[in-house]
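One structure is given here, and the rest of the page talks about it.
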Amino acid sequence: MPTLVMKFGGTSVATLDRIRRAAKRVGVEVAKGYDVIVIVSAMAGKTNELVGWVEETSPLFDAREYDAVVSSGENVTAGLMALILQEMDVPARSWQGWQVPLKTNSVHSAARIEEIPTDNINTKFAEGMKVAVVAGFQGVSPEGRITTLGRGGSDTTAVAFAAAFDAERCDIYTDVDGVYTTDPRIEDKARKLDKIAFEEMLELASLGAKVLQTRSVELAMRFGVRLRVLSSFEEQSDDAGTLVCPEEEIMESNVVAGVAYQRDEAKMTLISVADRPGIAAAIFVPLSEAGVNVDMIVQNISEEGRTDMTFSCPVDQVARAEKAMADAKASGEINFHDLLADTDVAKVSVVGIGMRSHTGVAAKMFEVLSNEGINIKVITTSEIKISVLVDRKYMELAVQALHDAFELDKVG
Ligand code: ADP
Ligand code: ASP
Ligand code: MG
């Protein structure tokens with residue numbers, strides 16, 4: 001039997017009625033003759049609630065217990081989906097990560113998948129099971145502890161299963177009907193893309209477009225998984241949604257494919273650190289060991305052997321960063337005058353493979369922001385993207401102005 005992977009995100013399983021609607025979609029694919037692997041998220045809002053409980057209980061929590069708590073939301077939806085399918089006379093059962101087993105490394109709260117043995121599920125398919133409902137986002141470490149794959153990780157579970165089971169396609173059902181030129185929630189004129197290149201989707205995801213988890217796009221690219229994003233709220237045809245595919249399959253595209261944003265960033269500046277060999281390592285190794293995800297880095301011009309070092313990180317990691325820097329100062333590894341945290345910034349990025357061959361995108365971006373009176377605090381660029389940090393209150397305006405200026409509502 002050909003295998004299909006269908007993933008339903010939090011809003012698509014937010015109530016029993018929505019799980020029933022999703023199960024109906026699964027029934028349609030079973031009727032076509034597929035063995036189906038369904039990956040479910042926790043009900044909308046559930047994971048946030050669980051994370052909140054952990055943070056309230058223990059601000060610098062033990063990540064193993066964090067995983068034990070936050071993975072539980074998916075267990076509920078997996079069991080409920082299996083029950084509903086059984087009520088529909090579709091032979092189905094639920095699988096938690098450890099039962100598959102979905103094996104990961106031991107990096108709790110951001111674990112990477114190492115292996116998905118297919119025997120247990122395949123044995124059940126051979127015995128007549130038609131649907132394996134797998135709890136997304138979770139796995140088991142070599143030590144036998146429950147792990148999670150990072151927020152949005154059910155997308156990655158889905159793609160990894162599609163690769164392991166050589167599925168015909170991996171369909172990601174969500175609350176929008178595909179990948180848009182930017183988040184349709186903040187730009188009405190955002191346009192749905194029929195296709196998007198893996199490289200562009202990878203950048204958009206890593207720059208904040210949470211419609212797919214970054215790691216899921218990486219895996220799909222590496223294993224050649226046909227990845228589709230579509231709505232769980234509409235009746236779907238076989239070519240609905242957006243196909244994420246190799247760039248060769250895309251005939252026409254704009255220089256800029258999309259605009260992404262990350263709302264909750266912080267800009268940290270170490271004032272007056274010694275400008276000497278090894279200073280960057282002395283700062284960023286402790287930050288990394290403290291679990292701080294540093295993104296942009298700018299080292300200022302040095303004066304009389306001292307310099308300022310600026311970096312950005314997620315706003316909820318500011319406390320960890322401050323502690324890591326205070327500890328490094330106390331132990332004499334670094335010396336600085338002050339650590340300033342600007343917790344009211346956001347990152348806005350434009351992405352497109354067309355930038356490889358077209359110049360002037362950065363200049364245009366800066367001009368657009370300047371015309372809106374938006375001050376740019378930090379800039380980074382790579383081959384196919386340009387990112388800026390701006391005051392959070394201007395984030396929506398920046399996204400909309402860039403979407404307009406690059407005419408993303410029109411097909412290139
Ligand atoms: P799920 O719970 O199904 O995993 P997510 O909330 O994680 O859904 O992702 C879907 C959301 O991603 C959409 O509701 C939309 O607001 C947001 N989003 C951000 N950027 C984009 C984009 N470029 N295209 C489509 N959706 C986007
Ligand atoms: N429930 C998890 C989260 O909200 C995983 C997911 O939905 O992909 O991050
Ligand atoms: Mg998601």
Would a distance-only check, ignoring hydrogens and angles, find a side-chain to backbone donor-acceptor pair under 3.5 Å from Arg191 to Leu408?
yes

Identify, with sequence neighbours excluded, every residue that meets ring-ring contact (aromatic ring centres under 6.0 Å, His included) alongside Phe8.
Tyr173

Is the shortest distance from a Lys or Arg side-chain nitrogen in Asp175 or Arg18 to a carboxylate oxygen in the other one below 4.0 Å?
no

Counting distance only, does the side-chain N/O of Thr269 pair as donor-acceptor with the main-chain N or O of Ile271 below 3.5 Å?
no

Give a yes or no on whether a salt bridge exists between Arg228 and Asp171, defined as a side-chain N under 4.0 angstrom from a carboxylate O.
yes

Using a 6.0 Å distance limit plus a 45 degree cone around the ring axis, check whether Lys347 lies over the aromatic ring of Tyr261.
no

Pairing donors with acceptors under 3.5 angstrom, does anything connect the side chains of Ser387 and Ser349?
yes

Using the ring of each side chain (for Trp, its six-membered ring), is Phe61 parallel, tilted or perpendicular to Tyr66, with breaks at 30° and 60°?
parallel

May I ask you to say whether Lys377 pairs ionically with Asp342, meaning some side-chain N is under 4.0 Å from a carboxylate O?
yes

Salt bridge check: are Glu65 and Arg145 linked by an N-O gap of less than 4.0 Å?
yes

Identify whether the distance between the nearest side-chain nitrogen and carboxylate oxygen of Arg222 and Glu218 falls below 4.0 Å.
no

Ion pair Glu114/Lys103, N-O distance below 4.0 Å:
no

Lys/Arg-Asp/Glu bridge criterion (N-O < 4.0 Å) met for Lys323, Asp327:
yes

Charged N to carboxylate O below 4.0 Å: is that the case for Asp67 and Arg64?
no

Between the main-chain N or O of Trp53 and the side-chain N or O of Thr57, is there a donor-acceptor pair closer than 3.5 Å?
yes

Can a salt bridge be assigned to the pair Arg263 and Glu396 using a cut-off of 4.0 Å between side-chain N and carboxylate O?
yes

Evaluation steps, salt bridge (charged side-chain N to carboxylate O under 4.0 Å, His left out), between Lys130 and Glu29
CA-CA 10 Å; Lys130 296 307 294 175; Glu29 301 296 353; over 6 Å; no

Does Asp338 CG have over 12 foreign heavy atoms under 6.0 Å away?
yes

Could you tell me whether Asp183 and Lys210 have a side-chain N and a carboxylate O separated by less than 4.0 Å?
no

Is the terminal nitrogen or CZ of Lys364 (NZ for Lys, CZ for Arg) located under 6.0 angstrom from the six-membered ring centre of Phe406 and within 45° of that ring's axis?
yes

Salt bridge between Arg215 and Asp155, side-chain N to carboxylate O under 4.0 Å?
no

